[in-house]
Protein chains: 2
Amino acid sequence: MQRDKLPTIKEIAKRLKVSTSTVSRALHNHPSIGYITTYRVHKLAEELGYEPNLTAISFKQRKTYTIGVVLPNLSEAFFSTAISGIEDFAATKNYNVLLGQSLDDPEREKRIIETMKTHRVDGMIVSITKNTDNYDHFDQLTKYHIPIVFFDRIPEKKDISYVACNLESGLLQALNLLIEQGHRKIGLINGPDQLIASNQRKETYLKGLTDNNIKPDEKLMVSSSLSKESNQQATSSLLELKDRPTAIITFNDYVALDAIAIAKKHGLVINKDVSIISFANLPIWEYMDNRPLASIEQFPYRQGEKASEILFSFIESQSSTDESTEPLSNQQIIFDSELIKHL
Amino acid sequence: MQRDKLPTIKEIAKRLKVSTSTVSRALHNHPSIGYITTYRVHKLAEELGYEPNLTAISFKQRKTYTIGVVLPNLSEAFFSTAISGIEDFAATKNYNVLLGQSLDDPEREKRIIETMKTHRVDGMIVSITKNTDNYDHFDQLTKYHIPIVFFDRIPEKKDISYVACNLESGLLQALNLLIEQGHRKIGLINGPDQLIASNQRKETYLKGLTDNNIKPDEKLMVSSSLSKESNQQATSSLLELKDRPTAIITFNDYVALDAIAIAKKHGLVINKDVSIISFANLPIWEYMDNRPLASIEQFPYRQGEKASEILFSFIESQSSTDESTEPLSNQQIIFDSELIKHL
DNA sequence: TTGTAGGCGTTATCAC
DNA sequence: GTGATAACGCCTACAA
């Protein structure tokens, strides 16, 4: 009962009184198999409702037709959009996507990577945890020849492939826009110091100001741990300066939400008394009344697509029988962020 | 090079001059294996960095330790939250999650279901497409003894397991709240007629009104295809009635966003001139100035958890060797929605 | 054009 | 306690 056998290649072979290899080849339309045989096999397969057993194929071929995707958090629009891009691309290759959420917990991340490794995924796309500082579990993957493409949150490590977004372009556009509009005191609410993302923002911010002959003011640069309270406090500290900024650039949209709320509490009118520009992760600013002047867009969907594209180039090169081709070298793709104004 | 062999049970056996069966048993701490042997096996396995090959195990055991999850759209907060619940639960069982997005395209849904079937997932959680009207691909799953739990968007079909949310409770609370506040002309912007979800809303709406001795007014009930334009048009049609509603209940938050925008264009003050209540799918109303008075919450995370729980009860009952236990019967769980006021 | 046979890594059923 | 062996479903040299 439990074991009412599903049709297999063997079954078809038996009924047709041919060998399993013939059936296998016929099903793959191997040219060496005669037309009639091929036809009969296909026909019977159809009748029996035969479907190849991928677990057997995976086992035999050492390929699972599955990629693993590990992201910090699916509930962030940035990541859920990215995974759409990944999933779409994988679908075109007839691949499935094994999903894991690290929830920014390095231990959990490690566990996920490991179970995906035992699943023998053909490749992985990973956006690391905020706190990942040990990359051993990633190195382990090379042992299994599992290619990995990092994405957005990438480790500080040489010889890896990744897709990320260059915050510089968008941020410089943002600064230019603000400066054009006459702003001279432009604040920055940055993220935690240990994040690369924070450093990038800070450096570009400094560069953008000095390029425009504005002397950066230490007091205008604050950090937030990205909790709501911290965001609010950072905003307050800026707005309560006796020489308060007339524009603020925030680490991301969530910070912007809190900043906007606090600014309003201070009786300020958004984008009039204080202009806000932030790094995009929300899809619905258009619906909000008090929204940033503009967002620095990072194109998560396209990034996801691109990461998949690179990953599949590895996967496909691996399975190419051509032994002579040398291994593909790592690729680092950096998208330019872009300033999108909210009208 | 390509084939630098990974350590296997066989390798360990050879080195230790024992049989593979001994190694296998030792690794599982089988009681019949001597303490010393067990120890030596574990030690060598560790040294070699042995890791079980799940593809082989899946093949042999007819279990993949993977569940498939098919959702219409990950970029909707409702679903991305739900999948968190599913993923968390699966993780406790050491299961992986194979993800597919149907994007509300029945063809795509069918394809996903099929590839998951060939992957031999141990079970599936599915929220069907808006347009799914053929359930053959689901029936196919029973052939492979793949249990399936439907979730939120469930097919009209007997003998299935599902987890869904009873909209009635929350919607009645919403109506009561509005009526308490003195509203008598309460509009409904519903979704497409063919959706069960729309019918449920409509029926409950009618019931809520009549229970409160308010005679439903056909003109106050409109439908939207859920596109932005359609939402706007539906809202306008309500607001331009000479006897316009003083409160509107919308099909979901996205409709509410459009409705609010249009209401403002009509010069109305939200929740003063016209109160809005909607079915929740957005996480960030708290940041918005013009937000609904309240949302009808459907607890996606908990629903996802519950769906997983049911699914795993099936999965685990299947693998129980006890032949005598009769198959678990289907379960239908219905959560109560709840009205959450936005202060 | 088709068949034979071996093997992928693991577990399970017998034996001993 | 431990070992031999078959089996899971499929693919692929190698033969014929």
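All chains are named by letter (A, B, ...) in the order of the sequence lines, taking the proteins before the strands, and each is independently numbered beginning at 1.
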With a 3.5 Å cut-off and sequence neighbours excluded, list the donor-acceptor pairs that the side chains of residues 29-37 of chain A form with protein atoms.
unit_1: A/His30; atom_1: ND1; unit_2: A/Ser32; atom_2: N; d: 3.1
unit_1: A/His30; atom_1: ND1; unit_2: A/Ser32; atom_2: OG; d: 3.0

Listed by chain and number, what are the side chain to side chain donor-acceptor pair (under 3.5 Å) partners of [X], not counting sequence neighbours?
X: A/Ser19; value: A/Ser21, A/Thr22
X: A/Asp105; value: none
X: B/Ser80; value: none

Of residues 45-59 of chain A, the positions that come close to DNA chain C - non-hydrogen atoms, cut-off under 4.0 Å
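DNA chain C contact set from residues 45-59 of chain A: A/Phe59.
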Looking at residues 28-38 of chain B, who's got a heavy atom less than 4.0 Å off DNA chain C?
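Hits under 4.0 Å, by residue number: B/His28.
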Is there a donor and acceptor pair closer than 3.5 Å between the side chain of B/Arg62 and the base of D/dG9?
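There is none.
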Using atom [atom1] of [X] as one end and atom [atom2] of [N] as the other, report the distance to the nearest whole Å.
X: B/Leu16; N: D/dT2; atom1: CG; atom2: P; result: 11 Å
X: A/Leu6; N: D/dG9; atom1: CG; atom2: P; result: 8 Å
X: B/Ile9; N: D/dT5; atom1: CD1; atom2: P; result: 18 Å
X: B/Leu27; N: D/dT2; atom1: CG; atom2: C1'; result: 15 Å
X: B/His119; N: D/dG9; atom1: NE2; atom2: P; result: 18 Å
X: B/Gln61; N: D/dA7; atom1: CD; atom2: P; result: 17 Å

So, the side chain of [X] versus the backbone of [Y]: is there a donor-acceptor pair under 3.5 Å, distance only?
X: A/Gln101; Y: A/Leu74; answer: yes
X: B/Ser161; Y: B/Gln331; answer: yes
X: B/Arg153; Y: B/Ser127; answer: no

Does [X] put a side-chain nitrogen or oxygen below 4.0 Å from OP1 or OP2 of [N]?
X: B/Ser24; N: C/dT10; answer: no
X: B/Ser19; N: D/dG3; answer: yes
X: B/Thr22; N: D/dG3; answer: yes

Can you list every pair that meets salt bridge (charged side-chain N to carboxylate O under 4.0 Å, His left out) and has a residue in residues 128-142 of chain A, with sequence neighbours left out?
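Output for this query lists A/Asp104-A/Lys130, A/Asp139-A/Lys157.
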If you measure from CZ on B/Arg120 to CG on A/Asn53, what distance do you get to the nearest 0.5 Å?
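Here the interatomic distance stands at 4.0 Å.
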Taking side-chain contact (heavy atoms from CB on, under 4.5 Å) as the test, write out the residues that go with B/Glu51, two or more places apart.
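Testing B/Glu51 for side-chain contact (heavy atoms from CB on, under 4.5 Å), a comparison that skips the adjacent residues, returns A/Lys117, A/Thr118, A/Gln140, A/Lys143, A/Tyr144.
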Pairwise ring-ring contact (aromatic ring centres under 6.0 Å, His included) hits with a residue in residues 81-127 of chain A, at least two apart
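The answer is A/Tyr65-A/Tyr95, A/Phe89-A/Phe312, A/Tyr95-A/Phe312.
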Would you list the protein and nucleotides 5-7 of chain C atom pairs, both N or O, that sit under 3.5 Å from each other?
unit_1: C/dG7; atom_1: N2; unit_2: A/Lys60; atom_2: NZ; d: 3.0

Pairing donors with acceptors under 3.5 angstrom, does anything connect the side chains of A/Thr64 and A/Asp122?
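Looking only at side-chain atoms, A/Asp122 and A/Thr64 do form a donor-acceptor pair, the distance falling under 3.5 Å.
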Which nucleotide in the list D/dC11, C/dT11, D/dT2 gets nearest to the side chain of B/Arg25?
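Among the listed nucleotides, the one closest to the side chain of B/Arg25 is D/dT2.
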Have a look at the helix from C/dT1-D/dA16 to C/dC16-D/dG1 and give the angle its two end axes make, five pairs each, rounded to 10 degrees.
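The end-segment axes of the helix from C/dT1-D/dA16 to C/dC16-D/dG1 are tilted 40° relative to each other.
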Closest contact, heavy atoms only, B/Ile9 versus B/Thr20
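Looks like CG2-CB, 4.0 Å.
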Would you please name every residue forming a salt bridge (charged side-chain N to carboxylate O under 4.0 Å, His left out) with B/Glu309, sequence neighbours left out?
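If we apply the salt bridge (charged side-chain N to carboxylate O under 4.0 Å, His left out) test to B/Glu309, skipping adjacent residues, the hits are B/Lys306.
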